[in-house]
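First up is the structure itself, then whatever we jot down about it.
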Amino acid sequence: MTQGKTILVVEDDTDLRHMFSTALELAGFDVREASNGYEAVDSVDRHPPDLIVLDLLLPGFGGLSVQQEIAERAVTRHIPIVIVTGSHRDLAHLSVACVLRKPVDPDELVATVKRCLDEVEPRIAKPAE
């Protein structure tokens with residue numbers, strides 16, 4: 001379910017950030033944007049999102065630092081993070097929900113965000129009939 005879910009898109013490339021945001025908005029998500037790591041952490045502190053789409057290569061305070069900052073805090077460590085990167089490094093050591101390699105198709109982004117949100121949603125057991 002996408003209604004009412006807030007996604008924070010953290011990407012320094014303006015065109016890519018807007019493309020990601022537009023695709024997510026068209027899919028029914030509420031979207032906020034940040035162009036660097038400092039804006040991302042500030043946004044998470046003020047209004048924690050339901051999921052973060054995070055570029056690794058950000059100017060200044062990079063994506064890895066943002067991920068670590070969020071993971072270290074009790075109030076934010078539960079927020080799933082979808083890493084988006086052009087790097088081909090092994091990222092298995094990161095504690096993130098998903099990794100997408102650039103170039104990212106908007107439909108692939110939306111599907112990944114939905115899947116990652118579904119994985120963290122509490123499962124409601126159906127009553128026995």
Side-chain angles (χ1 to χ4, degrees):
M1 173 172 230
T2 59
Q3 291 293 62
K5 298 291 184 184
T6 301
I7 310 300
L8 175 62
V9 175
V10 186
E11 170 63 60
D12 61 317
D13 181 299
T14 304
D15 294 333
L16 199 51
R17 186 173 64 249
H18 291 310
M19 182 187 72
F20 290 169
S21 295
T22 300
L24 292 165
E25 286 170 349
L26 289 172
F29 292 103
D30 294 325
V31 180
R32 294 196 323 260
E33 297 181 6
S35 62
N36 61 57
Y38 298 111
E39 288 178 11
V41 171
D42 182 56
S43 181
V44 170
D45 284 345
R46 285 184 288 114
H47 302 288
D50 294 295
L51 182 138
I52 301 168
V53 174
L54 178 63
D55 181 23
L56 279 187
L57 297 176
L58 298 169
F61 195 62
L64 287 176
S65 298
V66 171
Q67 184 270 331
Q68 290 170 345
E69 182 83 18
I70 290 166
E72 290 174 358
R73 298 178 181 181
V75 290
T76 58
R77 70 173 55 129
H78 70 281
I79 300 171
I81 297 175
V82 175
I83 294 291
V84 179
T85 183
S87 170
H88 292 286
R89 295 184 311 172
D90 179 22
L91 301 173
H93 65 284
L94 293 179
S95 178
V96 297
C98 299
V99 175
L100 289 173
R101 305 286 179 174
K102 291 179 182 176
V104 176
D105 176 77
D107 292 333
E108 179 186 19
L109 174 69
V110 170
T112 300
V113 166
K114 286 179 178 180
R115 188 183 76 238
C116 291
L117 283 171
D118 286 344
E119 289 173 2
V120 298
E121 285 284 313
R123 306 286 181 216
I124 300 172
K126 292 183 179 180
E129 294 185 26

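Side chains are part of it too, since the values below use all heavy atoms of this structure and drop only hydrogens, waters and symmetry mates. All residue numbers in this chain count up from 1 along the given sequence.
Of all heavy-atom pairs between A27 and V110, the closest is CB-CG1, 3.6 Å. When every heavy atom of A34 is checked against every heavy atom of R17, the shortest pair comes out as O-CD, 3.5 Å.
Evaluation of the side chain to side chain donor-acceptor pair (under 3.5 Å) rule for T85 yields no partner, not counting sequence neighbours. Partners of Q67 under the side chain to side chain contact (heavy atoms under 4.5 Å, CB included) rule, at least two apart in sequence or in another chain, are L54, A71, I81, L94, S95, V96. Looking at residues two or more places apart in sequence or on another chain, you find no salt bridge (charged side-chain N to carboxylate O under 4.0 Å, His left out) involving E108. Residues forming a side chain to side chain donor-acceptor pair (under 3.5 Å) with S35 (at least two apart in sequence, or on another chain): E39. In this structure R77 satisfies the side chain to side chain donor-acceptor pair (under 3.5 Å) test with no other residue, sequence neighbours excluded. Here H78 pairs with nothing under the side chain to side chain contact (heavy atoms under 4.5 Å, CB included) rule; sequence neighbours left out.
Using modelled atom types, one side-chain atom of D50 and one backbone atom of T6 make a donor-acceptor pair closer than 3.5 Å.
D107 CG to D105 CG: the interatomic distance, rounded to the nearest 0.5 Å, is 5.0 Å. How far NZ of K5 is from CG of L117: 6.0 Å, rounded to the nearest 0.5 Å. With rounding to the nearest 0.5 Å, the separation of CG in L109 from CG in L24 is 4.5 Å.
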Contacts under 3.5 angstrom, residues 56-65 side chains, donor-acceptor by atom type, not counting sequence neighbours:
none

Under 3.5 Å donor-acceptor pairs involving side-chain atoms of residues 41-49, not counting sequence neighbours:
{"from": "D42", "atom 1": "OD2", "to": "R46", "atom 2": "NE", "distance (Å)": "3.0"}
{"from": "D42", "atom 1": "OD2", "to": "R46", "atom 2": "NH2", "distance (Å)": "3.3"}
{"from": "S43", "atom 1": "OG", "to": "R32", "atom 2": "NE", "distance (Å)": "3.1"}
{"from": "S43", "atom 1": "OG", "to": "R32", "atom 2": "NH2", "distance (Å)": "2.9"}
{"from": "D45", "atom 1": "OD1", "to": "R73", "atom 2": "NH1", "distance (Å)": "2.1"}
{"from": "D45", "atom 1": "OD2", "to": "R73", "atom 2": "NH1", "distance (Å)": "3.2"}

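Taking the side chain as every heavy atom from C-beta outward, V53 and V113 approach each other to under 4.5 Å. Looking only at side-chain heavy atoms (C-beta outward), T22 and M19 stay at 4.5 Å or farther from each other. Annotation: side chain of E11 is not in contact with side chain of H18 (no heavy-atom distance under 4.5 Å). In this structure, the side chains of E25 and F20 stay at 4.5 Å or more apart for every pair of heavy atoms.
A disulfide (SG to SG under 2.5 Å) check over residues 19-49, counting only residues at least two apart or in different chains, returns nothing. Sorted by first and then second residue, the salt bridge (Lys or Arg N to Asp or Glu O under 4.0 Å) pairs with a member in residues 52-62 read D55-K102; sequence neighbours excluded. Residue pairs meeting the disulfide (SG to SG under 2.5 Å) criterion with at least one partner in residues 79-112, sequence neighbours excluded, are C98-C116.
Put simply, the residue from V9, L26, L8 that forms a side-chain contact (heavy atoms from CB on, under 4.5 Å) with V31 is V9.
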Could you go through the side chain to side chain contact (heavy atoms under 4.5 Å, CB included) check for I7 and I52 one step at a time? CA-CA 6 Å; I7 310 300; I52 301 168; over 6 Å; no
For V66 and V10, what are the C-alpha separation, side-chain angles and deciding distance, and is it a side chain to side chain contact (heavy atoms under 4.5 Å, CB included)? CA-CA 10 Å; V66 171; V10 186; 5.7 Å; no
